[in-house]
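The structure appears right after this line, and notes come after that.
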Amino acid sequence: MKTIQTLSLIVLIAFMATGFTKKDPGLPNILWITSEDNSPMLGCYGDEFATTPHLDQLASEGFLYTNAYANAPVCAPARNTIITGVHACSNGNEQMRSYYQKSETVRFYTEFLRSKGYYCTNNSKTDYNTRSADPKIMWDESSRRAHYRNRAKGQPFFAIFNIGTSHESSIHRSIPDEQLRHKPEDVTLPPYHPDTPEMRHDWAQYYDKVEDMDTVVGAFLKELDEAGLDDNTIVFYYADHGGVLGRSKRYLYETGTHVPMIIRIPEKYKHLYPSTAPGEKVERLVSFVDLAPTLLSIIGTEAPDYMQGDAFLGKYQQEEPEYVYMFRDRMDERYDLTRAIVDRQFRYIRNYNSNRIWMQQLEYLWKAPSMPSWEEEFLAGRCDEVQARFWNTKPVEELYDTENDPWEINNLATDPAYADRLASMRLESLDMALSMRDAGFIPETDRAIRAGKTAIYDYVRSEAVPFEEILDAAVIASLKKPANLDKLRKMIENDDSAIRYWGIQGLLLLGEDAKPALQEIGKAAFDDSWNVSVLGAEILYRMGMKAKAIKAYHRVLECDYDMVRTIALGSIDNIGGSAEDFLDICRTVPGKYKKPGNQYDVRAFQGLLKKWEIDPATLEI
């Protein structure tokens, strides 16, 4: 018996010794493959019309995330969020194409990776939405030639390959029907799209482009395998936001924000598995703000306090967040401040500019043949209620059961059965905006002027900004309640320009009910804040005081700030301003540039000319 016990002890000691001396797998290589502008239109996500064999295979070998989201429904703000681990609206970079500087507090995740010895490459899109991003400093290589094979022997790598094949521009030029692999007649249209030949064609062509994107993914995976790196490399695949047919990209719906995300983890790093075994789905809520802290967690580094996301893999993995926060402000030449939060089943949206229609015309969006066809159907009266809805003004709040209403066409915000859900998500949305200091609640140019050389991230956290009061003002303004008239009148007399802005915005939303405040509105039309002035002018014009309104608009259009001119031109469009009233004061806009054509205020002016049926070539600028 004693002999048996001795042998057992020896075996136990040997087993324990083996466990304690198990070889450390070391730092993994990390390969990111990103595609542009595509929702989860993949076979592995249940889309039977999609042809995506390589991504389907990747999903069978990895983990498919069913609730992955972009925090912004367009590329540049989404990428700013990814590279910093901070919501772009908290950085002050949520506007599409903004170049405001980054705070020194906020660092790019590549700094942490490189300090751990990683060879970091980017091939090759940057688009970080801030002038503070210098690819030469951020990356070991950032170009079309950048590749992980250029690293030193034995050095771990982090490599990004960006695929532009599925970008929105891929449907700007139509491929002949007979050349399409996905046939237009086989497309199942969402209920909000009218059944036009152009709409069917764009959908079919886009499915072809997603298939082409899948082929490129396959080539990257094959290259990794042939290099003998599969067993040492974690592969991430995700799209940079949803898209691209109308009402997807740029909009805070599932179609604009829900993205495919697949992560393949080699067996030697199985301690990182988010589920039991490869091939399984992961329902955890994840979003782009989580990617930077997750990267750091994978390499054994705890995320700094300023990062706002939650690591979902690795040593410092955190609990699943209850909600994902999303934002939309200026999209190219159009302003429309909207915020949303989602959980696994519901989406709450608050529209702070509910006096604007959903489908404000955007020069770039209208390049897809499907968009003019949709507009034509609406103008001809051939759209049903759901299809026509997006050419009208928005409700203040939207609430959707995304599990049972995947196209989000049944707004539950006015349904008493969902009152508690609406109230709780409304409150959480505001709490999240407050905690992250969502800079979008201060108008873009206004905050840039106020902040001066201070980064927006730092400025909104300073004592100079009464942020909670500004947020409260935005909420009051958005309610559109005549009972708040006196509050709004006081707001437009406030010393803080952002509070004055929300006061005048609230009066604009009241329409005719704002008439008792006409004297204050007339003063606001010539406010020191350009943003306040624009909305004051808009109210005056709508109330018949056209001469004074035009004078106020003229003053704004002569200012030195292109984004202010952009918002003024959008306002003129929204009031249905005529060429007779506005052509002379608008025509000065292109003359402010030596090379007009690429600026957003110029785009907005060209949009007005198109509406007025005026050939730009006939104008003397």
Sidechain N-carboxylate O distance under 4.0 Å for [X], [Y]:
X	Y	value
R145	E141	no
R347	E403	no
D336	R356	no
K125	E36	yes
D329	R339	yes
K367	E363	yes
D177	R200	no
D231	K268	no
D212	R181	yes

For residues [X] and [Y], establish whether the separation of their ring centroids is below 6.0 Å.
X	Y	answer
F158	Y109	yes
Y273	F63	yes
H147	F161	yes

R350 to Y348 six-membered ring, cation-pi geometry met (6.0 Å, 45°):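 Verdict for Y348: no cation-pi partner in R350.
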K610 to F605, cation-pi by 6.0 Å centre distance and 45° axis angle: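 Here K610 fails the 6.0 Å and 45° test against F605.
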Are side-chain N/O atoms of [X] and [Y] paired as donor and acceptor at under 3.5 Å?
X	Y	result
Y335	Q360	no
S35	Y238	no
S373	T196	yes
R79	N162	yes

Shortest non-hydrogen contact between A133 and Y128, atoms and distance: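 Closest approach of A133 to Y128: CB-CD1, 3.5 Å.
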Partner set under side chain to side chain contact (heavy atoms under 4.5 Å, CB included) for A604, not counting sequence neighbours: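 A604: side chain to side chain contact (heavy atoms under 4.5 Å, CB included) contacts with E333, L569.
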Pairs where residues 169-190 contributes a residue and the test ring pair (Phe, Tyr, Trp, His ring centres under 6.0 Å) is met, not counting sequence neighbours: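 Residue pairs passing ring pair (Phe, Tyr, Trp, His ring centres under 6.0 Å), neighbours aside: F49-H182, H172-Y364, H182-Y207.
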Side chain to side chain donor-acceptor pair (under 3.5 Å) partners for E283, two or more places apart: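 E283 satisfies side chain to side chain donor-acceptor pair (under 3.5 Å) with R344 once adjacent residues are dropped.
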